[in-house]
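Numbers restart at 1 for each chain; the letters A, B, ... are given by sequence-line order, proteins then strands.
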Amino acid sequence: MGRADTVNRRDDHSPLARAELPANTVSLARYLIGKVVVRELPEGIASGRIVETEAYVVGDAAGHGYRGMTPRNRSLFLERGHAYVYLAYGISTMLNVSSEMQGIGTGVLIRALEPLEGIPIMQLNRGIERLRDLARGPGRLAQALRIDRSLDGLDLCRQGPLWLAGDGHEAGEIGQSIRIGISKDADRLLRFYVRKSPFVSGPGSLNA
DNA sequence: GACCCGATTTCCT
DNA sequence: GGAAATCGGGTCA
């Protein structure tokens, strides 16, 4: 297989149109697999293909929007396609995409990326070289793309500091499993991942 | 205003 | 494989 540090020749960074995003959280989590997260930094563009997501749905006790809107989670209640960024464990920043319609506190957690462009930038941000570890895991992903709370609430369907794009690349076979690291509503199969991808965090064959 | 705990990562045994 | 690190938001007094 080819080295993954080859330059991505596609330069189409057109944002996904909001109208093409499924208006349903689980469908959106599935839909985002294979799409591209694009980050614009002073040093240039850094991007990666989404290989793992988790859905946090309506009535989901594990979801941050479960108990209603608060100052922290208000972005989850935006119309689908907006960023919800928060800090977990005081250490790890998480990137989510709001789903459903305005007023519904649901979203999709982006858990892992396959690095595409700006790999040297990501290596510097992470302080490591190894490609596979650059964005394997939600906290690592955010660190690699230098995502912080200042991006909370951003419209990801518009070009800016951070947005979602598609390059027409087909995602590989998609697996489904329970979500990682949660205790409430833990039995639901709301995690999606590319089966053969080495860039997926956690068990890549944890299906049911 | 104190206390609890989490959608994780990293290092140590 | 296991536990510590770390901090802001939510809950309750």
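Ion pairing of Arg149(A) with Asp152(A) is absent here, as no side-chain N (NZ or NE/NH1/NH2) approaches a carboxylate O to less than 4.0 Å. Arg146(A) and Glu43(A) are joined by a salt bridge, as a carboxylate oxygen and a charged side-chain nitrogen come within less than 4.0 angstrom of each other. Between Asp167(A) and Arg49(A), at least one side-chain nitrogen of the basic residue sits less than 4.0 Å from a carboxylate oxygen of the acidic one, meeting the salt-bridge criterion. Classification of Arg18(A) and Asp155(A) as a salt-bridged pair holds, one side-chain N sitting under 4.0 Å from a carboxylate O. Under 4.0 Å is where a charged nitrogen must lie from a carboxylate oxygen, and between Glu100(A) and Arg80(A) no such pair does.
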>> What does the 5'-to-3' dot-bracket notation of DNA chain B look like when only Watson-Crick and G-U wobble pairs under 3.5 Å count, and pairs to other strands show as |?
In response: ||||||.|||||.
>> Strictly under 4.0 angstrom, non-hydrogen atoms only: write out the protein contact profile of nucleotides 4-9 of chain B, one letter per nucleotide from the 5' end, B, S or -.
In response: --BBBS
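For Met101(A), the CE atom counts as loosely surrounded, since its 6.0 Å shell holds 12 or fewer non-hydrogen atoms of other residues, nucleotides or ligands.
A cation-pi arrangement, defined by a distance under 6.0 Å to the six-membered ring centre and an angle within 45 degrees of its axis, is present between Arg179(A) and Tyr56(A).
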